[in-house]
Amino acid sequence: MTAAIVETKISVGKDAYGRPVTATRTKSYDGKIVWTIRSEPMNQRDDGERMTGLTDENLRSLVEAVGLIPA
């Protein structure tokens, strides 16, 4: 039996509303590698935000686009 990384989770800071944001890279049931970016809910009335099904290329494009936005 060989060991395999099933999930990688990183903290990417806080969103505009102060919610913690994480990016998680997992292997889907059909063998594809997908990313989920999620901000956790702050209270019971907050749903948080989630974007899922992103590919490595989607994430590269997102990072590149953010780099083009002046601070």
Side-chain angles (χ1 to χ4, degrees):
M1 179 187 288
T2 60
I5 296 175
V6 176
E7 176 180 286
T8 303
K9 187 174 191 175
I10 57 173
S11 172
V12 291
K14 295 185 183 274
D15 70 7
Y17 302 102
R19 300 178 291 208
V21 178
T22 57
T24 307
R25 187 176 190 251
T26 57
K27 185 179 261 189
S28 66
Y29 66 92
D30 58 356
K32 295 180 181 174
I33 302 296
V34 294
W35 284 89
T36 298
I37 300 174
R38 179 182 169 100
S39 62
E40 298 297 326
M42 292 187 73
N43 58 46
Q44 290 180 338
R45 293 187 291 168
D46 183 13
D47 292 331
E49 300 289 334
R50 183 176 70 193
M51 185 184 302
T52 190
L54 300 170
T55 64
D56 287 343
E57 186 59 35
N58 293 139
L59 220 52
R60 278 188 208 95
S61 297
L62 180 62
V63 169
E64 183 180 311
V66 170
L68 297 175
I69 299 171

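This is a predicted model, so every value here is computed, not measured.
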- Can you name the salt bridge (charged side-chain N to carboxylate O under 4.0 Å, His left out) partners of E57, sequence neighbours left out? R60
- Note on the structure: Sorted by chain and residue number, the salt bridge (charged side-chain N to carboxylate O under 4.0 Å, His left out) partners of E49 (sequence neighbours excluded) come out as none
- Apply side chain to side chain contact (heavy atoms under 4.5 Å, CB included) to S11 and list each qualifying residue two or more places apart in sequence or on a separate chain. none
- Message: Is there a side chain to side chain contact (heavy atoms under 4.5 Å, CB included) between T24 and R38? Walk through the geometry before answering.
- Response: CA-CA 8 Å; T24 307; R38 179 182 169 100; over 6 Å; no
- Item | T8 side, atom OG1; I33 side, atom CD1 - distance, nearest 0.5 Å | 8.5 Å
- Query: Any idea which heavy atoms bring V12 and T22 closest together, and the distance?
  - Reply: CG2-N, 4.2 Å
- Message: Checking D56 now: which residues fulfil side-chain hydrogen bond (donor to acceptor under 3.5 Å, both in side chains) with it, not counting sequence neighbours?
- Response: R25, W35
- Given side-chain hydrogen bond (donor to acceptor under 3.5 Å, both in side chains), test T55 with N58 step by step and report yes or no. CA-CA 5 Å; T55 64; N58 293 139; 3.0 Å; yes
- Message: If I compare all heavy atoms of R19 with all of G48, which pair ends up nearest, and what's the gap?
- Response: NH1-CA, 3.6 Å
- Query: What's the spacing between T26 OG1 and K9 NZ if we round to 0.5 Å?
  - Reply: 11.0 Å
- Query: Excluding sequence neighbours, so at least two apart, what forms side-chain hydrogen bond (donor to acceptor under 3.5 Å, both in side chains) with N43?
  - Reply: none
- Note on the structure: With sequence neighbours left out, the residues meeting side chain to side chain contact (heavy atoms under 4.5 Å, CB included) with M51 are L54
- Task: Measure across V21 and K14 and return the closest heavy-atom pair with its distance rounded to 0.1 Å.
- Result: CG2-C, 3.9 Å
